[in-house]
Amino acid sequence: MRDFPEGWIETTLENVGQWCSGGTPSRKEKQYFGEGIFWVKSGDLTDGLITRVDEQITTLGLEKSAAKLLPVNTISMAMYGATIGKLGILSFPAATNQACANVISNPNFIDNKYLFYYLLSERRRIIEKGKGGAQPNISQEIIKSYPVVIAPLNEQRRIVAKLEKLLAKVNSCGDRLDKIPTILKRFRQSVLAAACSGRLTADWREQHPDIEPAYHIVEKITQEHNTFGGHKKGNAGLPTEGVHNLTSDLLPTKWEVIELRDICKPGSPITYGILKPGANIEDGIPYIRVADFPNDKINLANIKFTSREIDSKYARSRLKSGDILLSIRGTVGRVCKIDSLLDGANITQDSARLRVIELVDSDYVCVCLRAMPTQQRMQKAIKGVAIRGINIGDVRALQIPLPPLEEQEEIIRRVESLFQKCEVDPKSRARNRESKAPKCRNPSKD
């Protein structure tokens with residue numbers, strides 16, 4: 001037996017009030033459901049005050065089932081299912097379904113909110129008691145026999161007041177934390193926009209006035225394509241009129257505007273991939289879908305495999321390390337780079353492969369493709385009804401603001417440095433937000 005502060009006692013939950021379960025009227029009888037009595041299901045429990053429900057039952061439905069009309073301030077706990085352990089406090093008279101254990105606390109013995117917070121703090125331990133079968137199931141017997149430590153009534157109320165004051169601060173901090181992803185997303189987009197407009201490296205250009213202008217890169221690129229025989233016409237659709245409207249007068253003096261097709265290697269034009277990959281073949285050729293790079297990074301765990309026969313028909317779209325993928329159907333505008341693990345893999349028709357010429361930094365191209373001005377031009381080029389996307393003609397015509405190569409490298413360095421400063425570990429944030437309520441420790445568990 002542990003020592004408690006003076007006036008504190010340990011008992012079981014059975015002794016803190018009147019416990020009862022709920023019930024569900026027969027769904028076959030339509031007259032049991034309708035306006036009348038609010039009916040709480042376990043899915044309505046949200047670890048707080050219950051202010052709304054999805055269904056009501058009639059007085060006849062209440063009489064013809066095990067449901068009971070419960071008063072305001074009744075505490076309900078989900079005993080099984082996806083919401084097991086969830087809690088709620090009735091803000092109106094209501095009945096519950098059979099998945100809820102309900103307690104009408106004794107106000108002369110325990111403060112209702114003190115009991116609520118105690119149950120909230122002990123939720124994991126209570127659920128652990130119900131494990132052992134196919135699925136966790138908290139029975140009325142488990143709940144009633146669970147120990148509870150109770151302070152004198154006045155002290156309970158002081159504890160609740162301090163808890164609620166603290167929780168208000170926790171919730172306020174939580175609301176601010178929830179805004180961080182949006183703030184960081186805006187910050188990243190502002191960095192990308194500054195990088196592709198020249199604002200990010202304005203001071204660098206002042207320190208390097210003698211840098212070779214980008215038109216020398218354009219001349220070398222043009223020469224390489226001409227040597228190879230120029231761009232093949234192919235059967236790609238024409239670019240959408242009025243979309244590709246970037247002009248050099250919006251850029252720094254030594255920058256140029258160049259089309260995406262021009263910065264790809266001669267002989268490796270922008271192309272899409274396999275139309276119908278077929279069944280997943282265990283020892284086949286891996287192929288990348290748009291779903292495989294949801295956050296601009298490839299998830300190797302979900303990659304599927306096509307047959308070697310199908311892959312051989314789309315040799316043009318096979319991947320090499322350093323290639324860039326751009327999603328062009330369904331979700332348009334995702335960008336990722338291919339590493340050596342996926343050398344020889346293929347893609348589907350929903351992505352376009354870009355193999356950037358050595359005269360241009362491929363990481364800089366990724367920055368430009370992710371930047372909002374380029375994303376907006378892609379959105380304007382989207383066509384289709386059932387499956388929306390942009391055609392290869394528009395992809396090839398996408399414009400890239402081209403700085404000198406040394407400035408491209410400086411842009412990448414600065415972008416990466418700024419992005420590293422705003423990295424947030426989502427798992428860490430999830431752990432911090434797992435429970436808004438502070439733990440009420442049960443001395444008997446120490």
Side-chain angles (χ1 to χ4, degrees), residues 186-226 230-231 236-266 269-270 324 326 328 332-333 335 352 354 356-383 390-416 418:
R186 290 173 182 169
F187 172 75
R188 292 188 184 100
Q189 277 300 332
S190 67
V191 169
L192 294 175
C196 298
S197 66
R199 297 194 308 274
L200 188 63
T201 44
D203 62 322
W204 185 90
R205 286 193 300 277
E206 290 180 2
Q207 298 167 10
H208 299 78
D210 299 327
I211 199 76
E212 187 178 73
Y215 74 78
H216 289 301
I217 301 177
V218 176
E219 288 176 345
K220 292 175 183 177
I221 290 174
T222 302
Q223 184 178 352
E224 287 200 21
H225 280 290
N226 289 340
H231 297 293
L238 294 174
T240 304
E241 188 175 348
V243 169
H244 310 285
N245 54 4
L246 179 63
T247 57
S248 58
D249 60 311
L250 300 173
L251 303 173
T253 304
K254 293 186 178 182
W255 288 36
E256 295 290 330
V257 175
I258 192 168
E259 291 185 358
L260 210 54
R261 67 171 187 168
D262 292 323
I263 63 172
C264 289
K265 290 183 179 180
I270 298 171
I324 297 173
L326 174 67
I328 60 173
V332 174
V335 180
L354 287 64
V356 178
I357 198 167
E358 286 83 356
L359 294 164
V360 178
D361 191 311
S362 60
D363 287 328
Y364 172 76
V365 176
C366 289
V367 165
C368 290
L369 291 174
R370 291 181 178 123
M372 190 55 67
T374 311
Q375 290 281 323
Q376 289 173 340
R377 286 194 286 274
M378 281 191 268
Q379 292 299 314
K380 289 179 181 178
I382 289 176
K383 300 179 179 66
I390 59 175
N391 62 45
I392 288 295
D394 273 311
V395 176
R396 293 173 181 171
L398 281 173
Q399 296 165 300
I400 297 295
L402 186 68
L405 185 57
E406 294 89 340
E407 190 169 357
Q408 295 175 37
E409 294 168 350
E410 178 64 16
I411 287 170
I412 295 304
R413 188 190 68 78
R414 294 190 179 195
V415 168
E416 290 179 348
L418 288 167

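What you see is a predicted model, and the numbers here were worked out from it, not measured in a lab.
Across Gln189 and Met372, no two heavy atoms sit closer than the pair OE1-N, 3.0 Å. When all heavy atoms are compared, the tightest approach of Pro239 to Gly393 is CG-O, 3.9 Å.
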Passes side-chain contact (heavy atoms from CB on, under 4.5 Å), Val365 versus Leu260? Steps please. CA-CA 9 Å; Val365 176; Leu260 210 54; 4.2 Å; yes

Going through the checks in order, is the side-chain contact (heavy atoms from CB on, under 4.5 Å) test met by Thr374 and Gln399? CA-CA 8 Å; Thr374 311; Gln399 296 165 300; over 6 Å; no

Evaluation steps, salt bridge (charged side-chain N to carboxylate O under 4.0 Å, His left out), between Asp203 and Arg414: CA-CA 12 Å; Asp203 62 322; Arg414 294 190 179 195; 2.7 Å; yes

Derivation and outcome, side-chain contact (heavy atoms from CB on, under 4.5 Å), residues Val356 and Asp361: CA-CA 8 Å; Val356 178; Asp361 191 311; over 6 Å; no

Where do Val360 and Gln408 land on the side-chain contact (heavy atoms from CB on, under 4.5 Å) test, with the steps shown first? CA-CA 8 Å; Val360 178; Gln408 295 175 37; 3.6 Å; yes

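With a 6.0 Å radius and a threshold of 12 heavy atoms from other residues, nucleotides or ligands, Gln223 has its CD atom at or below the threshold.
Here the straight-line distance linking atom OG of Ser248 with atom NZ of Lys254 works out to 15.5 Å at 0.5 Å rounding. Taking SG of Cys264 as the reference point, atom CD1 of Ile324 lies at 8.0 Å (rounded to 0.5 Å). For the atom pair CG (Asp262) and CD1 (Ile400), the distance works out to 11.0 Å, reported to the nearest 0.5 Å. Here the CG-SG distance, from Leu250 to Cys196, works out to 13.0 Å after rounding to the nearest 0.5 Å. Interatomic distance, Cys366 SG to Leu192 CG, rounded to the nearest 0.5 Å: 11.0 Å. Atom CZ of Arg413 and atom CD of Glu410 lie 4.0 Å apart (nearest 0.5 Å).
With salt bridges taken as basic N to acidic carboxylate O contacts below 4.0 Å, one links Arg205 and Glu407. Between Lys383 and Asp394 a salt bridge is recorded (basic side-chain N to carboxylate O distance below 4.0 Å). Look at Lys220 and Glu224 and you find no salt bridge, because none of the NZ, NE, NH1 or NH2 atoms lies under 4.0 Å from a carboxylate O.
Between Ile357 and Ile221, the closest side-chain pair of non-hydrogen atoms falls below 4.5 Å. Counting heavy atoms from C-beta on, the side chains of Ile328 and Met378 never come closer than 4.5 Å. Between Pro401 and Tyr364, some side-chain heavy-atom pair lies under the 4.5 Å cut-off. Within the 4.5 Å cutoff, the side chain of Ile390 has heavy atoms near those of the Val395 side chain. You'll find the side chain of His208 stays beyond 4.5 Å of the side chain of Glu406, heavy atoms only.
In terms of modelled atom types and a separation under 3.5 Å, the side chain of Arg261 and the main chain of Ile270 share no donor-acceptor contact. With hydrogens and angles ignored, the 3.5 Å screen pairs no side-chain donor or acceptor of Lys380 with any backbone N or O of His244.
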Using residues 210-218 as the side-chain source, report each donor-acceptor pair under 3.5 Å to any protein atom, sequence neighbours left out, with the distance given to one decimal.
none

